[in-house]
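Structure first, commentary second.
Numbers here are sequence positions counted from 1. Atoms within each ligand, like the ligands themselves, are counted from 1 in listed order. For the numbers below, each heavy atom of this structure counts, side chains included, while hydrogens, waters and symmetry mates do not.
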Amino acid sequence: MKVSSGIPVITLDGPSGSGKGTIAQLTAQALGWNILDSGALYRLTALSAERQGVDLADENAVAKVAETLDVRFEARTPGQPVSVILMGDDVTLEIRTETCGAMASRVAAYPLVRAALLQRQRDFQSAPGLVADGRDMGTVVFPDAPCKIFMTASAEVRARRRYDQLKQQGESVKISHLLNEIKERDERDMNRSNAPLRPADDAVVLDTSDFSVDEVLEKVLQIWSSRQS
Ligand SMILES: Nc1ncnc2c1ncn2[C@@H]1O[C@H](COP(=O)(O)OP(=O)(O)OP(=O)(O)O)[C@@H](O)[C@H]1O
Ligand SMILES: Nc1ccn([C@H]2C[C@H](O)[C@@H](COP(=O)(O)O)O2)c(=O)n1
């Protein structure tokens with residue numbers, strides 16, 4: 001099984017809403033690297049299982065879905081937003097809903113599902129480099145990555161960010177509801193027995209609560225630069 005190939009990887013792990021996806025995108029763009037949105041694979045597994053009428057409580061059946069996931073990530077330029085195509089159907093927006101995120105968190109707790117998606121994630125490691133965003137990028141998927149960052153922010157700040165994001169998209173939700181969902185998701189992601197959400201021992205922990213996107217990006221690029229000198 002391929003783990004390390006000498007191609008550099010920056011891992012960005014952290015809880016929901018900490019800004020990993022946004023920063024992964026901008027970092028990949030700044031460096032001209034490839035990107036792995038590992039959460040999308042769990043979201044796609046959940047969505048595909050639901051579409052096929054698979055019971056999400058059946059670990060073996062959901063793992064089969066993960067093993068045979070027919071998905072394409074279409075990126076025109078490295079670092080630019082990608083379209084996500086599931087069995088020929090563009091599901092880029094559908095996988096981003098809160099409902100799909102909650103289903104993803106549920107199937108992500110299954111060891112068989114995690115095992116089924118492991119090599120698929122490692123296969124994203126290609127030249128000139130990879131920015132990998134998720135929950136276990138630094139601990140399990142790319143344990144040899146030269147630069148590991150664990151992004152955090154208070155649950156309140158993350159709920160506010162999500163609220164602003166959904167409002168911008170024209171969705172009306174209560175911030176108290178989002179806060180509860182975030183706390184529930186954190187609880188499930190941190191307390192599962194397999195690959196729980198936690199910083200790798202050699203990760204830099206970055207609390208983004210009081211920083212803008214631009215400030216976080218600058219810090220991530222500084223951390224990467226410091227790893228090279
Ligand atoms: N430092 C920041 N300051 C303000 N807003 C931010 C910051 N970082 C991210 N955001 C905003 O917060 C929202 C959530 O960010 P993002 O989707 O990147 O988080 P995430 O950690 O990838 O979440 P998930 O794991 O649920 O996909 C987005 O609208 C993004 O623009
Ligand atoms: N490496 C990963 C990535 C994601 N998950 C789980 C945890 C989340 O609740 C869910 C959706 O992730 P998101 O798109 O919000 O980053 O998938 C995981 O367990 N491991």
Worksheet entry | Glu98 contact mode with ligand 2 (heavy-atom cut-off under 4.0 Å) | neither
Discussion item. Has Arg158 got a side-chain atom pairing as donor or acceptor with Ser18's backbone, closer than 3.5 angstrom?
Written reply: no
Fill in: Ligand-residue contact atoms, ligand 1 with Arg162, heavy atoms, under 4.0 Å
14 (C), 17 (O), 23 (O), 24 (P), 26 (O)
Worksheet item: Does a salt bridge link Asp136 with Arg114, judged by any charged N lying under 4.0 Å from a carboxylate O?
Response: yes
Worksheet item: Members other than Leu112 in its cluster, when Ile, Leu, Val, Met, Phe, Trp, Tyr link by side-chain heavy atoms under 4.5 Å?
Response: none
Worksheet, complete the sentence: Checking heavy atoms under 4.0 Å, the part of Ala153 that sits near ligand 1 is neither
Worksheet item: What protein heavy atom sits nearest atom 6 (C) of ligand 2, and how far off is it?
Response: Ala108 CB, 3.7 Å
Worksheet entry | Closest approach of any protein heavy atom to atom 2 (C) of ligand 2, naming residue and atom | Arg135 N, 3.5 Å
Discussion item. Can you report which non-hydrogen protein atom sits closest to atom 19 (O) of ligand 1, along with the distance?
Written reply: Gly19 N, 3.2 Å
Worksheet item: Got the closest protein heavy atom to atom 10 (N) of ligand 1, with its distance?
Response: Arg161 CD, 3.8 Å
Worksheet entry | Closest approach of any protein heavy atom to atom 21 (O) of ligand 1, naming residue and atom | Lys20 NZ, 2.8 Å
Response to the item:
Closest to atom 4 (C) of ligand 2 among protein heavy atoms sits Gly39 CA, 3.5 Å
Item to complete: Please confirm whether Ser16 comes within less than 3.5 Å of ligand 1 when only nitrogen or oxygen atoms on both sides are compared.
Response: yes
Worksheet item: Heavy-atom distance under 4.5 Å between the side chains of Asp58 and Tyr110, does that happen here?
Response: no
Fill in: Donor-acceptor pair between Ser105 and Asp189 side chains, under 3.5 angstrom
yes
Worksheet entry | Proximity flag Arg188 to ligand 2, non-hydrogen atoms under 4.0 Å | no
Fill in: Which residue and heavy atom of the protein sit nearest atom 15 (O) of ligand 2, plus the separation
Arg43 NH2, 2.9 Å
Worksheet, complete the sentence: Among Gly17, Gly39, Gly21, the residue with a heavy atom nearest to atom 22 (O) of ligand 1 is Gly21
Worksheet, complete the sentence: heavy-atom search around atom 20 (N) of ligand 2 in the protein gives Arg114 NH2, 2.9 Å
Discussion item. Give me the nearest non-hydrogen protein atom to atom 10 (C) of ligand 2 as residue plus atom name, then the distance to 0.1 Å.
Written reply: Ala104 CB, 3.8 Å
Worksheet entry | Nearest neighbour in protein (non-hydrogen) for atom 1 (N) of ligand 2 | Asp136 OD1, 2.8 Å
Worksheet item: What do you reckon, does Val216 have a nitrogen or oxygen under 3.5 Å from a nitrogen or oxygen of ligand 1?
Response: no
